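Mind having a look at this structure? Questions to follow.
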Amino acid sequence: MSSDPTRPPETTVAGDSEERIKRFLATASHDLQSPLRHIAMYAELLLDDLEETLDGEQLQSLRMIMEKAQTAQRLTKALMNLAGGTPQVTPEEIDLQALAENVWGELTDETAVREATLESDGLPSIRTDPALFGLVLRHLLTNALTYRSEVSPRVAIAAEREGTDWFIRIADNGMGIDPAYRERIFEPFWKLPKAGAVQGAGLGLTTAREFLTALGGDISLEHSDASGSCFIIRLPIA
């Protein structure tokens with residue numbers, strides 16, 4: 001069967017990929033809502049019933065379970081809204097330094113990359129949606145830890161204000177991105193080749209870009225070579 005000469009192949013591929021993303025996000029988010037709701041509910045019930053009998057560390061752990069489940073609920077709702085074309089953004093003042101340290105701590109615990117270091121002193125407070133922007137940071141820092149080089153991973157985060165925007169740079173000392181792949185890193189379901197890497201969905205940078213678009217910003221690869229890569233995030237100040 002011959003293809004329609006009036007329909008550009010690249011447009012067809014892009015459109016198909018976008019629809020696949022929307023279906024993936026909508027289905028995954030919908031299916032996660034019920035178990036997340038039950039985790040948060042049961043954690044809250046346990047807190048009410050056992051608060052007087054638990055020690056400080058146990059209480060902190062139980063509160064953490066409830067808070068993380070509630071955060072995941074907000075994220076899945078945001079994903080469903082994004083898939084439906086109407087992302088719900090709830091901006092508030094957030095401490096970027098504390099957010100970066102929190103995401104970094106979670107990731108280094110999950111990946112067990114204990115020798116990794118984060119350089120991020122003095123980051124400002126910014127006004128944005130903490131759940132969505134936290135997920136953006138998580139995707140970028142996950143990539144920095146996944147595609148590391150032979151040396152201990154090091155990530156530096158810096159922010160500066162230019163006019164009506166914040167510019168947040170996230171630089172790593174990883175393996176870098178081959179020039180042949182730099183136009184593809186934001187493509188949905190595409191993964192940077194790396195021997196022995198855990199294979200994910202290939203949607204990290206794609207969803208990061210979509211979230212930033214919903215927040216009124218964007219992301220780009222500023223540079224990448226054998227010494228590492230640097231991504232730059234632009235976010236509106238107001």
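Note that the structure is predicted; figures quoted are calculated from it, not measured.
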Checklist entry - Does one hydrophobic cluster hold both Met64 and Leu62, with members joined at side-chain heavy-atom distances below 4.5 Å? => result no
Checklist entry - Can Ile126 be reached from Phe167 by stepping across I, L, V, M, F, W or Y side chains whose heavy atoms are under 4.5 Å apart? => result no
Checklist entry - Between Leu59 and Leu47, does a side-chain contact (heavy atoms from CB on, under 4.5 Å) hold up when you go through it step by step? => result CA-CA 7 Å; Leu59 275 174; Leu47 274 173; 3.8 Å; yes
Next on the checklist: Tell me whether the count of non-hydrogen atoms from other residues, nucleotides or ligands lying under 6.0 Å of CD in Glu57 goes above 12.
Outcome noted: no
Next on the checklist: To the closest 0.5 Å, what do you measure between NE2 (His223) and CZ (Arg169)?
Outcome noted: 10.0 Å
Checklist entry - Between Leu96 and Phe133, does a side-chain contact (heavy atoms from CB on, under 4.5 Å) hold up when you go through it step by step? => result CA-CA 10 Å; Leu96 182 55; Phe133 192 71; 3.6 Å; yes
Item to check | Verdict with supporting geometry, Leu135 and Thr207, side-chain contact (heavy atoms from CB on, under 4.5 Å) | outcome: CA-CA 9 Å; Leu135 193 57; Thr207 53; 5.6 Å; no
Checklist entry - Under 4.5 Å between side-chain heavy atoms, hopping through other hydrophobics if needed: is there a path connecting Ile232 to Leu205? => result no
Checklist entry - Under 6.0 Å from the CD atom of Gln58, do we count more than 12 heavy atoms belonging to anything else shown? => result yes
Checklist entry - Given side chains that start at C-beta, do those of Leu99 and Val103 come closer than 4.5 Å, heavy atoms only? => result yes
Checklist outcome for this item: Heavy atoms of Val89 and Ala214 approach each other most closely as CG2-O, 3.7 Å
Item to check | Heavy-atom pair of closest approach, residues Phe231 and Ile185 | outcome: CE2-CD1, 3.8 Å
Checklist entry - So if you build clusters from Ile, Leu, Val, Met, Phe, Trp, Tyr with side-chain heavy-atom gaps below 4.5 Å, do Leu132 and Leu32 land together? => result no
Checklist entry - How about Glu183: does its CD atom have over 12 heavy atoms from other parts shown lying under 6.0 Å from it? => result no
Item to check | Closest non-hydrogen atom pair between Met66 and Ala40, with its separation | outcome: CG-O, 4.0 Å
Checklist entry - Looking at CD of Glu210 and CG of Asp218, how far apart are the two atoms once the value is rounded to the nearest 0.5 Å? => result 12.0 Å
Next on the checklist: Using a 3.5 Å distance criterion without hydrogens, assess whether the side chain of Arg182 forms a donor-acceptor pair with backbone atoms of Ser224.
Outcome noted: yes
Next on the checklist: I'd like to check Trp104 versus Val155 (side-chain heavy atoms, cut-off strictly below 4.5 Å). Are they in contact?
Outcome noted: yes
Item to check | Nearest-0.5 Å distance that lies between atom CG in Leu45 and atom NE2 in His38 | outcome: 10.5 Å
Checklist outcome for this item: On a heavy-atom basis, the closest approach of Ala159 and Ile168 is CB-CG1, 4.0 Å
Next on the checklist: What's the separation between atom OG1 in Thr108 and atom CD in Glu115, rounded to the nearest 0.5 Å?
Outcome noted: 10.0 Å
Item to check | Steps toward side-chain contact (heavy atoms from CB on, under 4.5 Å) verdict (Ile233, Leu140) | outcome: CA-CA 10 Å; Ile233 294 170; Leu140 290 169; 3.6 Å; yes
Checklist outcome for this item: When rounded to the nearest 0.5 Å, the distance separating CG of Leu137 from CD of Glu106 is 11.0 Å
Checklist entry - What pair of heavy atoms forms the shortest contact from Phe186 to Ser220, and how long is it? => result CZ-CA, 4.3 Å
Next on the checklist: Between Glu187 and Arg209 (salt bridge meaning N to carboxylate O under 4.0 Å), is one present in this structure?
Outcome noted: no
Item to check | Student check: side-chain heavy atoms of Asp165 and Pro236 closer than 4.5 Å | outcome: yes
Checklist entry - With distance as the sole test, does Arg148 use its side chain to make a donor-acceptor pair with the main-chain N or O of Leu145 at under 3.5 Å? => result yes
Checklist entry - Taking atom OG1 of Thr206 and atom NE2 of His139, what is their separation to the nearest 0.5 Å? => result 9.0 Å
Give the table of side-chain donor-acceptor pairs shorter than 3.5 Å for residues 170-179, with sequence neighbours excluded, one pair per line with atom names and distance.
unit_1	atom_1	unit_2	atom_2	d
Asp172	OD1	Gly174	N	2.8
Asp172	OD1	Ser229	N	3.1
Asn173	OD1	Arg154	N	2.8
Asn173	ND2	Ser152	O	3.0
Asp178	OD1	Ala180	N	2.8

Checklist entry - Where do Ile237 and Gly163 come nearest, in terms of heavy atoms and distance? => result CD1-O, 3.5 Å
Next on the checklist: With salt bridge (Lys or Arg N to Asp or Glu O under 4.0 Å) as the criterion, how do Arg234 and Glu162 come out once you've worked through the C-alpha distance, each side chain's angles and the decisive distance to 0.1 Å?
Outcome noted: CA-CA 10 Å; Arg234 181 189 62 81; Glu162 296 182 16; over 6 Å; no
